[in-house]
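The block underneath contains the structure these notes are about, expressed in structure tokens.
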Amino acid sequence: MIDEPTGTVDFDEFSRACDLVEAYFGETIDDVALHAPVSRRQLVAVLARAQLSGRQLTIDGLTEEGDVVYQSDDETLLWLDAGFWLDIRGRHHLAPDEGRAAREVHRRLIEAIDGDVPYYNRERDPFVLIERRLPRQ
């Protein structure tokens, strides 16, 4: 079980979140893990934790804490002001390198869709909330 702010997440849900981020971010995970001091497996786990936390925070108004860059039925891309990645690091007891690597995966995807990061967004937190779900197996 993984403790979340409002309850627990069972292993099946965490495993599905791992599969989801792996399928969604694909080669970006490989590219970041290649140059970061974290393994691919660690990075997938951190990204899955961020998704589970992001889903909970969405219920609490995550989109009100920043700017939506892009939104579809499958994803919402945001620049957040509230220290999202610092909060994720603290909530899940992540090493600084794990948090930086996960943040980089999100930043690369947003830049691929929205272009280079403008100066005023450099200190903001990129976050991609994946809305689609993998079928239960």
Side-chain angles (χ1 to χ4, degrees):
M1 297 274 190
I2 297 168
D3 289 325
E4 282 295 307
T6 59
T8 58
V9 175
D10 65 30
F11 182 76
D12 288 342
E13 186 174 358
F14 179 70
S15 180
R16 283 191 301 274
C18 287
D19 291 344
L20 181 65
V21 298
E22 222 167 352
Y24 183 86
F25 290 113
E27 289 180 15
T28 304
I29 293 171
D30 297 329
D31 293 344
V32 170
L34 183 65
H35 300 289
V38 298
S39 71
R40 183 183 195 289
R41 185 175 172 180
Q42 283 175 287
L43 185 51
V44 168
V46 171
L47 291 167
R49 287 182 188 108
Q51 283 303 305
L52 293 170
S53 293
R55 284 186 196 146
Q56 180 59 46
L57 293 171
T58 298
I59 294 167
D60 299 333
L62 182 66
T63 55
E64 295 172 9
E65 297 181 17
D67 297 324
V68 174
V69 173
Y70 174 81
Q71 191 166 25
S72 73
D73 290 341
D74 290 334
E75 69 261 315
T76 301
L77 283 61
L78 304 126
W79 284 112
L80 301 173
D81 295 321
F84 177 81
W85 287 106
L86 189 59
D87 182 52
I88 293 295
R89 275 186 43 211
R91 180 177 296 164
H92 296 289
H93 310 289
L94 303 176
D97 289 335
E98 291 173 318
R100 279 191 292 271
R103 186 180 191 278
E104 178 66 12
V105 169
H106 286 256
R107 184 192 62 76
R108 287 183 184 194
L109 186 73
I110 290 176
E111 280 188 352
I113 291 173
D114 196 38
D116 286 336
V117 178
Y119 175 75
Y120 60 85
N121 277 341
R122 293 196 195 282
E123 297 302 317
R124 298 175 87 194
D125 285 336
F127 183 64
V128 177
L129 180 65
I130 305 168
E131 305 286 351
R132 68 179 178 213
R133 310 252 188 216
L134 288 177
R136 289 183 177 247
Q137 300 181 3

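Keep in mind that what you see is a predicted model, and the values were worked out from it rather than measured. If you read the sequence from its start, that first residue is 1, and numbering goes on from there.
- Residues Leu78 and Val69 are not in side-chain contact: their nearest non-hydrogen atoms beyond the backbone lie 4.5 Å or more apart.
- Of the candidates Arg100, Arg107, Arg103, Arg103 is the only one forming a salt bridge (Lys or Arg N to Asp or Glu O under 4.0 Å) with Asp125.
- At least one donor-acceptor pair closer than 3.5 Å links the side chain of Gln42 to the backbone N or O of Ser39.
- Contact detail for Gly66 and Asp81: the closest heavy-atom pair is CA-OD2, 4.1 Å.
- Residues Ile110 and Phe127 share a closest heavy-atom pair of CD1-N, 3.7 Å.
- Using modelled atom types, no side-chain atom of Gln51 and backbone atom of Leu20 make a donor-acceptor pair closer than 3.5 Å.
- With sequence neighbours left out, Phe25 forms a ring pair (Phe, Tyr, Trp, His ring centres under 6.0 Å) with His106.
- Within the 4.5 Å cutoff, the side chain of Val44 has heavy atoms near those of the Val21 side chain.
- The shortest distance between side-chain heavy atoms of Asp114 and Leu77 does not fall below 4.5 Å.
- Annotation: side chain of Arg124 is in contact with side chain of Asp67 (closest heavy-atom distance under 4.5 Å).
- Residues satisfying the side chain to side chain contact (heavy atoms under 4.5 Å, CB included) test with Ala101, not counting sequence neighbours, are Val32, Ala36, Val38, Leu43.
- The closest donor-acceptor contact from the side chain of Trp85 to the backbone of Pro126 lies under 3.5 Å.
- The side chain to side chain donor-acceptor pair (under 3.5 Å) contacts involving residues 26-35 comprise Asp30-Arg40, where partners must be two or more places apart or lie in separate chains.
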